[in-house]
Amino acid sequence: MVKVLEMAKRNPVHAGARFAIGRASVEVAAPALRISLRAPEASVAALSKALGFALPQKPKTSSANNDVHALWIGPDEWFIIASEGSDLPATFSKVAAFHSAVDVSHRNAALIVSGAGAADVINSGCPQDLSLTTFPVGACSRTIMGKTEVILYRTASDQFRVEVWRSFATYTLDFIEDAIRRDV
């Protein structure tokens, strides 16, 4: 008797949802692979080599190569975002340097907030200075939005990716939609 292990299909929270009014819009991002990467400084070079680009080493910074984005979250922590189906788990499993690379794709959902009013909408619930001089394209941070912890990543001058745990996705989407309505 052969037992077959099947993986559950992950359904995106609010797949296809989009709301736009006035100066901003919010939409659910396409499914993605997400890795929570933890490693000591001694392992950074080996992990960077495996990724094909240097892991960011300073607060609020990111680095990317094609569709793989590494966001600095803490002194020994990165949040990696790649296209769904990426072979990054296999890449990390081949690195001999000490590290922990955990697939947290099932845990998160992502919202894309864009438009001329995107920073204002996010600032309705996030205390960070999101001006381009302080939070430029490529900046990222673990922060709060309303009552929810999020990872905020500026992907363009007028666009942000908001990573949130699935269990808080509805609250965060509703919060952003309400902020967009108030921004009009």
Side-chain angles (χ1 to χ4, degrees), residues 10-37 55-56 58-74 77-86 88 103-184:
R10 183 176 57 243
N11 294 316
V13 176
H14 302 294
R18 185 173 196 290
F19 180 80
I21 217 173
R23 303 180 321 126
S25 67
V26 61
E27 63 185 304
V28 175
L33 172 73
R34 298 166 180 93
I35 302 283
S36 175
L37 178 64
L55 284 169
K58 294 180 182 174
K60 293 189 177 181
T61 61
S62 66
S63 55
N65 184 9
N66 297 323
D67 71 336
V68 179
H69 301 259
L71 286 58
W72 187 96
I73 300 300
E77 183 178 5
W78 297 267
F79 190 74
I80 312 293
I81 305 168
S83 61
E84 189 173 53
S86 169
L88 275 181
D103 183 341
V104 295
S105 304
H106 64 284
R107 179 189 76 187
N108 279 42
L111 305 170
I112 306 298
V113 182
S114 57
D120 294 336
V121 164
I122 291 171
N123 269 149
S124 71
C126 177
Q128 291 200 23
D129 179 355
L130 298 180
S131 65
L132 273 168
T133 55
T134 304
F135 205 87
V137 174
C140 59
S141 176
R142 180 182 287 147
T143 186
I144 59 168
M145 180 174 291
K147 297 179 181 179
T148 306
E149 179 182 307
V150 299
I151 295 175
L152 187 61
Y153 178 34
R154 185 175 222 142
T155 56
S157 62
D158 64 348
Q159 182 171 297
F160 296 84
R161 181 182 184 98
V162 179
E163 286 281 337
V164 61
W165 283 20
R166 286 176 66 96
S167 56
F168 294 101
T170 299
Y171 168 85
T172 306
L173 181 59
D174 290 348
F175 186 94
I176 293 170
E177 285 181 5
D178 185 54
I180 290 171
R181 281 186 186 92
R182 286 184 277 123
D183 187 60
V184 174

(request) For residues 111-127, pull every pair meeting side-chain hydrogen bond (donor to acceptor under 3.5 Å, both in side chains), keeping only residues two or more places apart or in separate chains. (result)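 Found Arg23-Asp120, Ser25-Ser114.
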(message) Closer than 3.5 angstrom, by distance alone: can the side chain of Arg166 be matched with the main-chain N or O of Ala169 as a donor-acceptor pair?
(response)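 No, because the side chain of Arg166 does not come within donor-acceptor range (under 3.5 Å) of the backbone of Ala169.
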(request) Keeping the roles fixed (side chain from Trp78, backbone from Ile73), state whether a donor-acceptor pair exists under 3.5 Å. (result)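 Checking the backbone N and O of Ile73 against the side chain of Trp78, no donor-acceptor pair under 3.5 Å is found.
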Below 4.5 Å, heavy atoms only, C-beta onward: do [X] and [Y] meet side chain to side chain?
X: Val26; Y: Phe175; result: no
X: Ile35; Y: Val104; result: no
X: Ser141; Y: Phe135; result: yes
X: Asn108; Y: Trp165; result: yes
X: Glu163; Y: Phe79; result: yes

(request) Give the C-alpha distance, both sets of side-chain angles, the deciding distance and a yes or no for side-chain contact (heavy atoms from CB on, under 4.5 Å) between Glu27 and Leu111. (result) CA-CA 6 Å; Glu27 63 185 304; Leu111 305 170; over 6 Å; no
Please give me the minimum heavy-atom distance between [X] and [Y], naming the atom from each residue.
X: Val150; Y: Ile144; value: CG2-C, 4.3 Å
X: Ala24; Y: Ile180; value: O-CG2, 3.7 Å
X: Ser63; Y: Pro56; value: OG-CD, 3.1 Å

(request) Determine, step by step, whether Leu130 and Thr134 satisfy the side-chain contact (heavy atoms from CB on, under 4.5 Å) criterion, reporting the C-alpha distance in whole Å, the side-chain angles of both residues, the deciding distance to 0.1 Å, and the verdict. (result) CA-CA 6 Å; Leu130 298 180; Thr134 304; over 6 Å; no
(request) Test Val113 against Gln159 for side-chain contact (heavy atoms from CB on, under 4.5 Å), laying out the working first. (result) CA-CA 6 Å; Val113 182; Gln159 182 171 297; over 6 Å; no
(message) If the condition is salt bridge (charged side-chain N to carboxylate O under 4.0 Å, His left out), which residues does Asp178 pass it with, not counting sequence neighbours?
(response)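 Residues passing salt bridge (charged side-chain N to carboxylate O under 4.0 Å, His left out) with Asp178: Arg182.
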(message) Suppose we screen for side chain to side chain donor-acceptor pair (under 3.5 Å). Which residues come up paired with Thr148, at least two apart in sequence or across chains?
(response)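 Testing Thr148 for side chain to side chain donor-acceptor pair (under 3.5 Å), a comparison that skips the adjacent residues, returns none.
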(request) Measure the spacing between CD1 of Ile112 and CZ of Arg161 and express it to the nearest 0.5 Å. (result)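 Nearest 0.5 Å value for the CD1-CZ distance: 5.0 Å.
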(message) Would you compute the distance between atom CD of Gln128 and atom CE of Met145 and round it to the nearest 0.5 angstrom?
(response)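 So the gap between those two atoms works out to 10.0 Å.
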(message) If the condition is side chain to side chain contact (heavy atoms under 4.5 Å, CB included), which residues does Ala82 pass it with, not counting sequence neighbours?
(response)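 Applying side chain to side chain contact (heavy atoms under 4.5 Å, CB included) to Ala82 gives Leu33, Val68, Ser86, Leu88.
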(message) Using the rule side chain to side chain contact (heavy atoms under 4.5 Å, CB included), only one of Leu71, Thr61, Ile81 pairs with Cys140; which is it?
(response)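 That would be Leu71.
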(request) Decide side-chain contact (heavy atoms from CB on, under 4.5 Å) for Arg142 and Glu77; before the verdict, give the C-alpha distance in whole Å, the side-chain angles of both, and the deciding distance to 0.1 Å. (result) CA-CA 11 Å; Arg142 180 182 287 147; Glu77 183 178 5; 2.8 Å; yes
(message) Which residues pass the ring-ring contact (aromatic ring centres under 6.0 Å, His included) test with Tyr153, not counting sequence neighbours?
(response)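 In terms of ring-ring contact (aromatic ring centres under 6.0 Å, His included), with neighbours along the sequence ignored, Tyr153 is linked to His69.
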(request) Hey, could you give me each pair passing ring pair (Phe, Tyr, Trp, His ring centres under 6.0 Å) that has a residue in residues 110-130? Not counting sequence neighbours. (result)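 Sorted result for residues 110-130: empty, none.
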